[in-house]
Amino acid sequence: MKKSLLTAACYFAGLVLALAQTANDPRQQFAAIGDFKLESGKIIQDCTIGYRTYGKLNSAKTNAILFPTWFGGTTKVLEFVTPWHAIDTTRFYLITADALGNGVSSSPSNSTKQHGSAFPFFTIRDMVETQHQLLAKLGISQLTAVIGISMGGMQTFQWAASYPGIARHFIPIIGSPRPSGYDLMLYNLDRKIIEGDSAFNHGNYTVNPVLAPAAMLLQMAGTTPEYWVKNMSYENFPIWLKRVETAKSPDWNNTYYQVMANIWQDISKTYGGSMQEVANHIKAKMLIIVSKQDHLVNPTPAIEFSKLLPAKLIVLDSNKGHLAVSFGDPQMKQGIIDELAEEK
C-alpha cells in the first residue's frame with residue numbers, strides 16, 4: 001500500500017499503541033493530583049496526569065504553552081508529530097499533557113483501584129480541570145497559549161470557556177466547541193459498535209479485544225472518500241482489511257471512555273447553553289483552524305463560533321480530511337507562527 005495510506009492506518013491503530021509505552025522514558029513525567037472529583041460528582045482515585053516539557057520556563061513563569069493530546073494520542077506520539085516545527089522552544093516553555101483515558105494519565109486500563117468498567121466516566125471539561133491542577137503544581141498561573149489538535153482542540157475550546165483569562169492565545173485545531181449532528185451520529189455509531197461486541201463484554205474483558213468494525217469506522221472517517229479511492233485500490237483492499245482485523249489496538253475501554261467524552265462535549269453548558277455568552281467572556285486572541293473536508297470532526301461548529309469572536313480562521317482544504325493537519329502543513333504552521341510572533 002502507499003505510504004500515505006499506511007500513515008492514515010497507523011494513526012488510528014498500531015502507531016498509537018506502539019508509541020504509548022512510557023517505561024524507561026526519561027522525558028515522561030507524572031503529576032499526582034490525588035483523588036479528583038469529576039464533573040459528575042464521582043471520584044477518580046489517586047489521579048495521575050502524564051506530561052512532558054520542552055524549552056525553559058522564564059523567571060516570571062509566563063512563557064508556557066500547553067498542548068493537550070488528541071483522541072487516543074499520547075505525549076510520546078506528539079514527539080513524532082513535532083509541534084516545535086511551529087512552536088519555538090527556545091522562546092516558549094512547551095508542556096504537552098496526556099489527557100484522561102489515554103493510557104498514560106489515569107485511565108480505565110491503568111487504574112489499580114478502579115480498573116476497566118469500574119473507572120468513572122469523565123468529560124472534556126474534566127480533562128481540562130486535571131491539566132489546570134497540573135499547572136498549579138508547576139507554579140504556572142498564566143499561559144502564553146493553549147494549542148491542541150482534534151480532541152486536543154476540543155480541550156482548547158474548553159480551556160477558553162473554563163478559564164477565559166488564563167492564556168493570551170487559544171488555538172484549537174480541527175476541534176469543536178461541541179459536536180455537530182453529524183459528529184454525534186458518527187461517535188454514537190462507534191459507541192454502539194463497541195458496546196455491542198461480545199468480546200468487549202461491557203468493558204469487563206481480561207484480554208484487550210479486536211474490534212475491527214470500530215477501528216474500520218474511525219479509519220474510514222479519518223480522511224475522505226476521495227482520499228481512499230485514490231490511495232486504496234480494489235486489489236489492495238484485502239491487505240488493508242487484514243491489517244485492521246489483526247492489528248493490536250489501544251485499550252478499548254480507554255477508547256470507549258474518550259468517545260463518550262467527545263459525545264458529551266459542550267462548552268456552553270455552564271453558560272446557559274449560549275455560545276454567544278461563552279464568546280463574550282473570552283478576552284484572549286483566538287486562532288481557529290479547521291479542515292473543510294473533515295469527516296471526523298465537522299468544521300461547522302468551530303466556524304460558527306469564530307463568527308462570535310474577533311477570531312482568525314484558517315480553513316484547510318485537502319482530501320486528507322481530518323488528517324490534513326500536520327505541523328508540516330505550511331498554512332497551519334505559518335498561522336501559528338504569526339499568531340505567536342507578537343509574544344516577546
Side-chain angles (χ1 to χ4, degrees), residues 38-40 66 68-73 99-102 121-132 146-164 166-167 169-192 217-218 221-222 255-284 286-316 321-322 324-325:
L38 297 164
E39 190 176 354
S40 66
L66 179 69
T69 52
W70 55 60
F71 176 75
L100 289 173
N102 78 339
F121 282 104
F122 50 81
T123 64
I124 299 292
R125 185 180 170 195
D126 290 324
M127 295 176 185
V128 167
E129 292 301 323
T130 62
Q131 293 157 21
H132 188 256
V146 181
I147 307 174
I149 295 175
S150 190
M151 192 184 77
M154 296 179 192
Q155 291 167 77
T156 304
F157 274 116
Q158 186 62 58
W159 265 103
S162 295
Y163 298 98
I166 199 169
H169 305 268
F170 292 109
I171 308 178
I173 304 167
I174 56 170
S176 183
R178 66 182 170 201
S180 69
Y182 168 83
D183 295 333
L184 289 173
M185 291 171 66
L186 176 68
Y187 304 159
N188 277 281
L189 176 57
D190 200 53
R191 173 179 72 88
K192 290 288 188 180
L217 178 65
L218 292 176
T255 299
Y256 177 65
Y257 274 63
Q258 287 198 343
V259 167
M260 296 302 294
N262 289 348
I263 289 172
W264 293 328
Q265 172 62 354
D266 180 0
I267 66 171
S268 72
K269 281 188 295 186
T270 55
Y271 289 85
S274 171
M275 287 293 177
Q276 183 63 67
E277 278 301 306
V278 180
N280 291 345
H281 283 78
I282 297 173
K283 306 305 179 186
M286 206 159 188
L287 168 63
I288 297 174
I289 301 173
V290 300
S291 177
K292 182 179 180 180
Q293 300 188 55
D294 198 329
H295 287 243
L296 198 63
V297 179
N298 187 275
T300 302
I303 293 172
E304 290 179 346
F305 189 74
S306 74
K307 296 175 182 177
L308 303 177
L309 292 160
K312 297 176 185 176
L313 176 68
I314 294 177
V315 181
L316 307 176
H322 193 67
V325 299

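Just the heavy atoms: all of them, side chains too, but no hydrogens, waters or symmetry mates, feed the values below.
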field: By salt bridge (Lys or Arg N to Asp or Glu O under 4.0 Å) - contacts of K269 (at least two apart)
entry: E39

query: Which atom pair, heavy atoms only, marks the closest approach of A160 to M286?
result: CB-CE, 4.1 Å

Any pair counted as salt bridge (Lys or Arg N to Asp or Glu O under 4.0 Å), so long as it reaches residues 294-313, sequence neighbours left out: K312-E339

message: List the residues meeting salt bridge (Lys or Arg N to Asp or Glu O under 4.0 Å) with D266, not counting sequence neighbours, and say none if there are none.
response: R178

field: Close side-chain approach of H169 and L287, heavy atoms under 4.5 Å
entry: no

statement: Those residues at least two apart in sequence (or on a different chain) that pass side-chain hydrogen bond (donor to acceptor under 3.5 Å, both in side chains) with S180 are D183

- prompt: Among all residues two or more places apart in sequence or in another chain, which pass the side-chain contact (heavy atoms from CB on, under 4.5 Å) test with A279?
  reply: Q276, F305, L308, L309

query: S274: what forms a side-chain hydrogen bond (donor to acceptor under 3.5 Å, both in side chains) with it, not counting sequence neighbours?
result: none

message: Could you tell me if the side chain of M260 sits less than 4.5 Å from the side chain of Y256, heavy atoms only?
response: yes

query: If every non-hydrogen atom of I149 is compared with every non-hydrogen atom of W70, which pair is closest and at what distance?
result: O-CB, 3.2 Å

message: Do L316 and I289 make a side-chain contact, defined as non-hydrogen atoms from C-beta onward lying under 4.5 Å apart?
response: yes

- prompt: Between Q258 (side chain) and G72 (backbone), is there a donor-acceptor pair under 3.5 Å?
  reply: yes

message: Y257: which residues meet the side-chain hydrogen bond (donor to acceptor under 3.5 Å, both in side chains) condition with it, sequence neighbours left out?
response: none

- prompt: If you round to the nearest 0.5 Å, how far is CD1 of I174 from CG of N298?
  reply: 12.5 Å

query: Who pairs with A302 by side-chain contact (heavy atoms from CB on, under 4.5 Å), at least two apart in sequence or on another chain?
result: F157, P177, I288, V290

- prompt: Taking the side chain as C-beta and beyond, is there a heavy-atom pair between M154 and P179 under 4.5 Å?
  reply: no

- prompt: If every non-hydrogen atom of V325 is compared with every non-hydrogen atom of H322, which pair is closest and at what distance?
  reply: CG2-O, 3.9 Å

- request: Could you tell me the separation between the CG atom of L100 and the CG atom of D126, rounded to the nearest 0.5 Å?
  value: 7.0 Å

- prompt: Roughly how far, to the nearest 0.5 Å, is NE2 of H132 from CG of L66?
  reply: 10.5 Å

query: Do L218 and L296 come within less than 4.5 Å of each other through their side chains, counting heavy atoms only?
result: yes

- prompt: Can you name the closest pair of heavy atoms from G153 and P172 and give their distance?
  reply: O-CB, 3.6 Å

S291 side chain to G321 backbone, donor-acceptor under 3.5 Å: yes

- prompt: At their closest point, which heavy atom of Y163 faces which heavy atom of F170, and how far apart are they?
  reply: O-CZ, 3.6 Å

field: Under the side-chain contact (heavy atoms from CB on, under 4.5 Å) test, residues paired with A161 that sit two or more places apart
entry: Q158, I267, Y271, V278

query: How about L184 and I263: do any of their side-chain heavy atoms sit closer than 4.5 Å?
result: yes

query: Does A99 offer a backbone N or O that forms a donor-acceptor pair with the side chain of T69 under 3.5 Å?
result: yes

statement: What one should report as the nearest heavy-atom pair of R125 and S162 is CG-OG, 4.2 Å

message: In the structure I gave you, are the side-chain heavy atoms of F71 and V259 within less than 4.5 Å of one another anywhere?
response: yes

message: Taking side-chain hydrogen bond (donor to acceptor under 3.5 Å, both in side chains) as the definition, give me every residue that meets it alongside Q131, ordered by chain and number, with sequence neighbours left out.
response: Q155, W159

